[in-house]
Amino acid sequence: MTSPAIKLPGAVVTLQDEHRYMNLLLVTLEEQLETSDLSAPEEYFLMQDIVRYLHEYPDAVHHPTEDLLFDKLVRRKPDARKDVARLRRDHDKLRVNTAELLQSLDKAAAEHTPESAESVGVELNEYIRRLRRHMRFEETHLFPSAVQCLAHKDWQAIETRLSTVEDPLFGKAVASDYRVLYEYFANRANTLSRGATRIGFLQLDSMIVGADAIETGIAEMIEMLQRHTASLVQESRDTVRKTFSGDGFGSALVAQGSFVGFVGKKGVHVGLDAAGIYLRTLKNVIRPLWNSRS
Amino acid sequence: MLKDLLKLQADMLTARGELAAGIGGSWLLNRMAPNGGGNRPVITLPGFMASGRTLLRLNRFLNAHGFEAQSWGLGRNLGPQGGRWGQQLDELDKVLGETVRKLADKHASPVALIGQSLGGVYARELALQMPEEIDRVIMLGSPTFHPYVKAHHNRVVKQLGTWASRQSYAELAGRTGLLHWDPDRPALPCVAVHSPADGVVPETSCMIPQYIIDQSDHTAPRENLRVLSSHIGMSVSPSVLLAIADRLAQDRENWAAFDPYRYFPAQLHWAVAMLYPRQANDAGMSDVRALVESG
């Protein structure tokens, strides 16, 4: 791994960022495979858009830029030749895999049968695993070597190449072809980042959830009081029975004393239960105000 | 579903309150609202299941303030019919285009479109088809339809829409969805009025995404306008009417964001902050990148 003390060249930072973007896409593909039964063509839209992007940008721009970095690395550090050859083969294979995967997704979307979903799922998982392994190897082996060996003019050439093509999804401006995909991620970011709004308390949603929480709290409170009252009534009956059982004054006094103790303990229990219900209700009322999307 | 039914009821009830407030405060509103100066044609489009008459009050208000407002003239908006929505949207030019062209010719001026809810979706799509004849588009709680973001629209209304169209939400949205305009096309101002108290369409579905606003320039202004209002009452709410008149009167070449504070004395600025609450932050580019960081 690169020492944190070394300032990374801009090109490496960009390539690492692009790896993180790709990882987000891979995570999204995995989520979609897990959460969707892929029984309709529209359930493939997200995956098709992601794989199309992977083919049109990482395959066409990101990997060729890395190839340029590898060329320069081999020139400066010939013993990296074996690793570089492996990564070049990976790039070639990945490019073919992505194109094939896109075709498989289009076919599966058209068929949308359980068999086609299963088959494309296997293909996708294999692709995800391969791309992740590839990126990890680059980050742990090749990038650190490049940071150590490449000269300033090498980095300049790589950065020039990187700046010629703008990332259509995560770049400075979103290309119109990728608006749908970008807005999907913007929506996810919104869901994560949006907390309380100044007028959250006025939202109808929150009001309804809040009213429901209060209603539940009142029902719990009534049930708790009924329960304690029932046990108090039972205890007082027992005390009356013991007091007038004819076992003598001492026994009556003990029964009365025990009853006073019971009432005291009961009072503490009622207070604690009521405080618990109150706090729980308050939490349930407040929570939707702080997270209006819950 | 029960919760959504309650929300719809609450929204309708709030709309009645807004109507009452509009009637009670019309004298004050008429004094405050800017004047269009005459000869400014406007067409208003009703929302789903609503008729042109629901916009009567809005039209009357605009006509009293130097605009020439009229309803779309197609009666009740029944929404997508029988699974031919895409075709309907493509044919908007034929159905409504003639009315727009005639009005534009009559006034020798492009026409402003104001659409409530689904009417705003139609206005947005129509302006894409005939940008030369359109001056600007103002949408009141108009949703977008994304092909794979799960929409949290009121399920009662969504169900009605599904019954009317015999299509699922995903089918209605289609492969590319029905989203807001691109940052630069068409080169017209577009204002999305949205409310945090909307009981039918979540405001995030109505808002123009932040990256579109960031990328747009003065030739194609894009503006989000946040007002405290019900969904159904947007065309009668006094605070929305004031905002609409202001946006219609705004010079298209020197677009500036709506500033409600200039209509109220300083003593009432606390009320303005409630009526026009601060814009909720929409996710921008940096937020999406932060999403990547958060994994």
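Computed from a prediction, not measured in an experiment: that's the story for all the values here. Per chain, numbering begins at 1; letters A, B, ... match sequence-line order.
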Student: Does CD belonging to A:E111 count more than 12 external heavy atoms closer than 6.0 Å?
Tutor: yes
Student: Taking the six-membered ring for Trp, are A:Y184 and B:H146 parallel (under 30°), tilted (30 to 60°) or perpendicular (over 60°)?
Tutor: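 Because their plane-to-plane angle lies in the 30° to 60° range, the rings of A:Y184 and B:H146 count as tilted.
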Student: Look at atom CZ of B:R175 and say whether more than 12 heavy atoms of other residues, nucleotides or ligands are closer to it than 6.0 Å.
Tutor: yes
Student: So which part of A:L25 gets closer than 4.5 Å to some heavy atom of chain B, the side chain, the backbone, both or neither?
Tutor: neither
Student: Donor-acceptor pair, distance only, cut-off 3.5 Å: does the side chain of A:R179 make one with the backbone of B:H180?
Tutor: yes
Student: Looking only at heavy atoms, what is the nearest atom pair of A:A173 and B:Q215, with distance?
Tutor: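 Taking A:A173 first and B:Q215 second, the nearest heavy atoms are CA-NE2, 3.4 Å.
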Student: For residues A:V180 and B:L179, report the shortest heavy-atom separation together with the two atoms involved.
Tutor: CG2-CD1, 3.7 Å
Student: Non-hydrogen contacts under 4.5 angstrom with chain B: give the residues of residues 32-51 of chain A involved, or none if there are none.
Tutor: A:E42, A:F45, A:L46, A:Q48, A:D49
